[in-house]
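Working notes for the structure below.
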Amino acid sequence: MYLFLLGLVVFYYLYRWVRELPRVPDKGNKYVYITGCDSGFGNLLARHLDKQGFRVIAGCFTEKGEVDLKKSCSPNLTTAHLDVRSKESVDNVAAMIKDKVGSRGLWAVVNNAGVAIPTAPHDWLVIDDYKSMLDVNLLGVISVTLSVLPLIKKARGRVVNVASVFGRISATGGPYTISKYGVEAFNDSLRLNMAPFGVKVLCIEPGFFKTNVTDVSILNKNVNMLWDRMPQEVRDDYGTEFLQKTLEIMLDKVAQLSDADLMKVVSCMEHAIAATRPRTRYSPGWDAKFFWLPLSYMPSCVSDYIFNLQSIPLAVQKQ
């Protein structure tokens with residue numbers, strides 16, 4: 001019986017692998033618009049697709065990001081200054097893309113731009129902390145998508161949204177998980193809306209990878225800034241030992257969990273863009289596949305218990 005079930009599992013994955021092999025033709029006439037190309041996944045994806053022959057339009061936040069990317073790519077790649085928080089910036093890039101792609105439309109948009117700070121317990125934060133992150137991670141995704149959606153529909157193309165495993169389960173406080181849950185909701189509703197037009201909407205849900213999002217020096221600076229800004233009564237509730245242990249855990253566990261092989265994510269992005277039959281969702285990273293996603297399906301009492309086991313005792317609990 002067990003051998004039969006094992007055989008079915010092996011057959012399923014072999015069938016899926018063969019089914020997902022074919023790639024779309026005529027890459028040289030397919031334009032792909034990527035946000036957040038200064039570094040990380042977006043930068044690596046832009047260079048990877050450029051080598052494969054796609055016409056890449058890379059949105060960069062900084063001039064240095066544009067210059068560096070141009071140096072490492074072919075003349076077919078186009079860069080553009082893009083601030084996803086600015087309607088004017090988003091509209092300007094969309095107008096440029098419309099002129100460039102013409103009647104063929106835009107094959108794909110990859111909403112990759114995102115930030116991870118400020119992240120902290122909710123009572124460390126103020127409402128502006130939420131607004132600043134949602135402007136990039138959620139409203140920026142929606143704004144960019146809507147700006148080029150008519151072009152995507154014309155090409156019967158793809159929308160690829162980069163969410164996170166933390167769009168499936170909340171392991172931290174602050175706006176990051178909220179923004180990623182929002183991306184998941186936008187992705188799912190857009191997928192249903194666009195299906196009649198032949199547009200595929202795909203979601204990437206990475207685990208921990210070594211990018212600016214998991215850069216320990218950036219995270220530590222963020223925590224110290226928020227701690228210094230907090231009212232004294234909130235600091236008293238947590239205690240200085242909480243701050244020290246938080247910094248130690250970030251240095252230890254975040255570094256351990258973060259995978260240095262960014263191509264695991266980029267390969268999923270490339271498949272979503274180039275495969276004839278892309279998957280609806282991709283979950284790159286062993287931590288995503290074997291810990292975060294299974295945990296997201298468990299009862300809340302189970303996930304709460306696991307998270308509470310790892311929590312740092314507060315000063316107020318010791319009183």
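All values below were derived from every heavy atom in this structure, side-chain atoms included, with hydrogens, water molecules and symmetry-related copies excluded. The first residue of the sequence shown is numbered 1, and numbering continues consecutively from there.
Placement of V126 and V136 in two distinct hydrophobic clusters is found when ILVMFWY residues are connected by side-chain heavy-atom separations under 4.5 Å, directly or transitively. Hydrophobic cluster membership differs between L45 and V141, with clusters built from Ile, Leu, Val, Met, Phe, Trp and Tyr side chains linked at under 4.5 angstrom. No continuous path of hydrophobic side-chain contacts links V90 to F61 [ILVMFWY only; heavy atoms under 4.5 Å]. Both L257 and F307 are part of a single hydrophobic cluster, where members link through side-chain heavy atoms under 4.5 Å apart. Criterion: ILVMFWY side-chain heavy atoms under 4.5 Å apart, direct or through other members. Under it, V24 and L49 are part of a common hydrophobic cluster.
Under the 3.5 Å distance criterion, the side-chain polar atoms of N76 are left unmatched by any main-chain donor or acceptor of R55. Under a 3.5 Å cut-off, the side chain of T177 and the backbone N or O of S170 do not form any donor-acceptor pair. A donor-acceptor contact shorter than 3.5 Å links the side chain of N112 to the backbone of G36. Put simply, the side chain of N224 gets close to the backbone of N220: a donor and an acceptor are under 3.5 Å apart. For T35 (side chain) and A113 (main-chain N/O), a donor-acceptor pair under 3.5 Å exists by modelled atom type. Counting only distance, with no hydrogens or angles, the side chain of R104 and the backbone of K30 share no donor-acceptor pair below 3.5 Å. At distances below 3.5 Å, not a single donor-acceptor pair connects side-chain atoms of S89 with backbone N or O atoms of S86.
Residues passing the salt bridge (Lys or Arg N to Asp or Glu O under 4.0 Å) test with D68 are K64, sequence neighbours excluded. Among residues two or more places apart in sequence or in another chain, the salt bridge (Lys or Arg N to Asp or Glu O under 4.0 Å) test is passed with R168 by E205. Listed by chain and number, the residues in a side chain to side chain donor-acceptor pair (under 3.5 Å) with D135 amount to none (sequence neighbours excluded). Every residue two or more places apart in sequence or in another chain that forms a salt bridge (Lys or Arg N to Asp or Glu O under 4.0 Å) with D259 is listed here: K264. Considering only residues two or more places apart in sequence or on other chains, R23 meets the salt bridge (Lys or Arg N to Asp or Glu O under 4.0 Å) condition with E270. Scanning for ring-ring contact (aromatic ring centres under 6.0 Å, His included) contacts around Y305 gives an empty result, with sequence neighbours left out. Qualifying side chain to side chain donor-acceptor pair (under 3.5 Å) partners for N92, counting only residues two or more places apart in sequence or in other chains: none. Legend: residues meeting ring-ring contact (aromatic ring centres under 6.0 Å, His included) with Y282, ordered by chain and number and at least two apart, are H271.
Within 6.0 Å of atom NZ in K51, 12 or fewer heavy atoms from other residues, nucleotides or ligands are found, so the atom counts as exposed in its surroundings. At most 12 non-hydrogen atoms from other residues, nucleotides or ligands lie less than 6.0 angstrom from CD of E233. Heavy atoms of other residues, nucleotides or ligands lying less than 6.0 angstrom from NZ of K27 number more than 12.
Annotation: side chain of V32 is not in contact with side chain of I57 (no heavy-atom distance under 4.5 Å). Using a 4.5 Å heavy-atom threshold, the side chains of L247 and M250 count as touching. Taking the side chain as every heavy atom from C-beta outward, N29 and D26 approach each other to under 4.5 Å. The side-chain heavy atoms of V165 and P206, taken from C-beta on, include no pair separated by under 4.5 Å. In this structure, the side chains of L226 and L125 come closer than 4.5 Å at one or more pairs of heavy atoms. Looking at heavy atoms from C-beta onward, T211 lies out of side-chain contact with D215 at the 4.5 angstrom threshold. Under the 4.5 Å side-chain criterion, counting only non-hydrogen atoms from C-beta, V56 is not in contact with T78. Using a 4.5 Å cut-off on side-chain heavy atoms (C-beta onward), L82 and Y33 make contact.
Residues A80 and M96 share a closest heavy-atom pair of CB-CE, 3.8 Å. When all heavy atoms of L69 and T79 are compared, the pair lying nearest together is CD2-CG2, 4.3 Å. Scanning both residues, V148 and A94, for their nearest heavy atoms gives CG1-CB, 4.1 Å. The two residues L293 and S283 come nearest to each other via the heavy atoms CD1-OG, 3.1 Å. Shown here for R47 and S72, the closest heavy-atom pair between the two residues is CD-OG, 3.1 Å. Between G173 and T119, the shortest heavy-atom contact is O-CG2, 3.8 Å.
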Open item on the list: I'd like to know whether V84 forms a side-chain contact (heavy atoms from CB on, under 4.5 Å) with S143, so could you lay out the CA-CA distance, the side-chain angles of the two residues, the decisive distance to 0.1 Å, and finally the verdict.
Closed with: CA-CA 7 Å; V84 299; S143 177; over 6 Å; no
- [ ] Evaluate the side-chain contact (heavy atoms from CB on, under 4.5 Å) criterion for residues W124 and V223: first the C-alpha distance (whole Å), next the side-chain angles of each, then the deciding distance (0.1 Å), finally the verdict.
- [x] CA-CA 10 Å; W124 290 30; V223 169; 4.0 Å; yes
Open item on the list: I'd like to know whether S74 forms a side chain to side chain donor-acceptor pair (under 3.5 Å) with D50, so could you lay out the CA-CA distance, the side-chain angles of the two residues, the decisive distance to 0.1 Å, and finally the verdict.
Closed with: CA-CA 7 Å; S74 76; D50 179 63; 2.7 Å; yes
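Ring geometry for F41 against F209 counts as perpendicular: the plane angle is over 60°, on a 0 to 90° scale with 30° as the lower cut.
Residue pairs meeting the ring pair (Phe, Tyr, Trp, His ring centres under 6.0 Å) criterion with at least one partner in residues 143-193, sequence neighbours excluded, are F166-F208, F166-W292. Within the structure, salt bridge (charged side-chain N to carboxylate O under 4.0 Å, His left out) contacts touching residues 181-197 (residues at least two apart or in different chains) are E184-R281, D188-R191, D188-R281. Residue pairs meeting the ring pair (Phe, Tyr, Trp, His ring centres under 6.0 Å) criterion with at least one partner in residues 73-109, sequence neighbours excluded, do not occur; the list is empty.
Rounded to the nearest 0.5 angstrom, L146 CG and L190 CG are separated by 8.0 Å. Between the CZ atom in R235 and the CZ atom in F242 there is a gap of 14.0 Å [rounded to 0.5 Å]. To the nearest 0.5 Å, atom OH of residue Y238 and atom CG of residue D123 are 3.5 Å apart. A distance of 15.0 Å separates CZ in R279 from NZ in K200, rounded to the nearest 0.5 Å. Rounding to the nearest 0.5 angstrom, the gap separating the CD1 atom in I249 from the CD atom in Q244 is 12.0 Å. Rounding to the nearest 0.5 angstrom, the gap separating the CG atom in L44 from the CE atom in M269 is 9.0 Å.
Judged purely by distance below 3.5 Å, without hydrogens or angles, the side chains of N137 and S179 pair a donor atom with an acceptor atom.
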Could you tabulate the donor-acceptor pairs under 3.5 Å formed by side-chain atoms of residues 149-162, not counting sequence neighbours?
unit_1: R156; atom_1: NH1; unit_2: F197; atom_2: O; d: 3.3
unit_1: R158; atom_1: NH1; unit_2: A272; atom_2: O; d: 2.8
unit_1: R158; atom_1: NH1; unit_2: I273; atom_2: O; d: 3.2
unit_1: R158; atom_1: NH1; unit_2: A275; atom_2: O; d: 3.0
unit_1: R158; atom_1: NH2; unit_2: A275; atom_2: O; d: 2.8
unit_1: N161; atom_1: OD1; unit_2: N111; atom_2: ND2; d: 2.9
unit_1: N161; atom_1: ND2; unit_2: N187; atom_2: OD1; d: 3.0

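Classification of R229 and D129 as a salt-bridged pair holds, one side-chain N sitting under 4.0 Å from a carboxylate O.
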